[in-house]
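Each remark here refers to the structure printed beneath this line.
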2 protein chains.
Amino acid sequence: MAMGRPRAFDADAALDQAMEVFWRHGYEGATIAQLTDAMGINPPSLYAAFGSKEGLLKAALDRYSAKRACWLEQIVSAPTAREVAERILMGTADTQTDPANPPGCLLVQGGLACGTGSENVPFELAAHRAQTENQLRDRFIRARAEGDLKETADPAALARYLSAVIAGMGVMASSGADREALRQVAAVSLKAFEEQSNS
Amino acid sequence: MAMGRPRAFDADAALDQAMEVFWRHGYEGATIAQLTDAMGINPPSLYAAFGSKEGLLKAALDRYSAKRACWLEQIVSAPTAREVAERILMGTADTQTDPANPPGCLLVQGGLACGTGSENVPFELAAHRAQTENQLRDRFIRARAEGDLKETADPAALARYLSAVIAGMGVMASSGADREALRQVAAVSLKAFEEQSNS
DNA sequence: TCACATTTGTAGCGCTCACTACAATTCTGG
DNA sequence: CCAGAATTGTAGTGAGCGCTACAAATGTGA
């Protein structure tokens, strides 16, 4: 048996470039030509490795989520629910205005509404956003069990709330809001949290 | 002088239909064929009346904002800042899940990131979103002057916060969140407000 | 009634899109 | 060193995009 010509590009590095293009232009706004240019490969290589434009997006989303997972681990390991909220809100304000990346969040700007033939792209993004919300909810359930959140607090509602604020910050960042503006939003959001907290 | 053949369609009614298409599919996802079908006219009529696809979007956005303006007037006429916040949050939860419209908000799903040639579409949407934020800010400045908000409260930050939460609710609604979920978010958001309020 | 101004419907323009056929290239197993 | 397997670069493919030329239709003013 022969094993064939080896791939001449690094799939993860190429995915990082594709991620940035989707992030900046959205799924429908990103063209194959832009993607292949950024990835430094030709269309046949792209299709051999990822199957389709949508397949490439899914791979990029998985990579995005994988990177994000470590970051989230750090955040939910904070000692109290209030501190989890503070870290994720302030952290979001910083990462969404990090000049190393396009402004905002790939999971928001990637595409909330798409044309015929790409109807499942928005669902795909939503599924990834839900990961964060679920992780927060689980953390807050634990926080309530530990007496760290009031008995009357609703962990799922709090997680959903943070998820909404984070998405909203992404919308603001995508239209040019600066870091200070996002931190202000984070600071106000946090006040809603302190009311539910025992710490 | 002759006045020419009169237009055979109602521009506002046609704009309502176009608005819905942009709302559901986003700017780039909406095709001229879908738009003309929904509007009940042919392409030349569309281009004679609105100039271009982007011109049509702007007209649809203006109409969207005009309708929204009355609604907002009602809201900022509430007696206290806290009640303004409650009305706009709960009202948003309802309108963004109104089955008469596509879910979410046109100013969010219309297009946060677009491809080459449509770079100003996201800015256009952002400008319309800013109208709401400015109106809220002005209302909160007044509220603080009236002693209705604490002296330490920052009207601009509060308006920005509400604007972010509303955008975040739009993101959630676009991916299928139901009315109850949005109301939960609204309820939690409101707690951040009560802390700044004297009523 | 007739010249003129404007809209309408038909048909199709050039262009770019996502995607691929194909042959040359580059590797491994024997 | 060669046969086979996989990737690479070139050069397109058909389809759908935003948009428009053109002639027929429909109104107004003189």
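Note on naming: letters A, B, ... go to the chains in the order of the sequence lines (proteins, then strands), and numbering restarts at 1 for each one.
- Between B:E86 and B:R82, at least one side-chain nitrogen of the basic residue sits less than 4.0 Å from a carboxylate oxygen of the acidic one, meeting the salt-bridge criterion.
- A:S163 and A:R129 share no donor-acceptor pair across their side chains, judged by distance under 3.5 Å alone.
- Through side-chain heavy atoms spaced under 4.5 Å, either directly or across other Ile, Leu, Val, Met, Phe, Trp or Tyr residues, A:F123 is tied to no other residue.
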*Could you encode protein contacts along nucleotides 10-20 of chain C as a string, one character per nucleotide from 5' to 3', using B for base contact, S for sugar-phosphate-only contact and - for no contact, with a heavy-atom cut-off of under 4.0 Å?*
B------SSBB
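- Contact between the side-chain N/O atoms of B:S45 and the OP1/OP2 oxygens of C:dT8 is found at a separation under 4.0 Å.
- Sorted by first and then second residue, the side-chain hydrogen bond (donor to acceptor under 3.5 Å, both in side chains) pairs involving residues 97-111 of chain A (not counting sequence neighbours) are A:T97-A:R179.
- For DNA chain D, the neighbouring residues in residues 5-17 of chain B, judged by any heavy atom under 4.0 Å, are B:R5, B:P6.
- With 3.5 Å as the limit, one finds a donor-acceptor pair spanning the side chains of B:E54 and B:N120.
- Residues forming a ring pair (Phe, Tyr, Trp, His ring centres under 6.0 Å) with B:F140 (at least two apart in sequence, or on another chain): B:F193.
- Within a heavy-atom distance below 4.0 Å of DNA chain C, no residue of residues 111-126 of chain B is found.
- Rounded to whole Å, atom P of C:dT8 lies 8 Å from atom CD1 of B:I41.
- Using a 4.0 Å cut-off between a side-chain N of Lys or Arg and a carboxylate O of Asp or Glu, A:D94 and A:R183 qualify as a salt bridge.
- Between the P atom of D:dT8 and the CE atom of A:M39 lies a distance of 11 Å, rounded to the nearest Å.
- Taking the charged nitrogens against the carboxylate oxygens, A:R24 and A:E20 do have a contact shorter than 4.0 Å, which makes a salt bridge.
- Ion pairing between B:R137 and B:E133 fails under the 4.0 Å rule for side-chain N and carboxylate O.
- Side-chain contact of A:S45 with A:R7: a donor-acceptor pair under 3.5 Å is absent, judged by distance alone.
- Classification of B:K67 and B:D16 as a salt-bridged pair holds, one side-chain N sitting under 4.0 Å from a carboxylate O.
- Between the C1' atom of D:dG18 and the CZ atom of B:F50 lies a distance of 16 Å, rounded to the nearest Å.
- Summarising the geometry, the separation between CE on A:M3 and C1' on C:dT25 is reported as 17 Å, rounded to the nearest angstrom.
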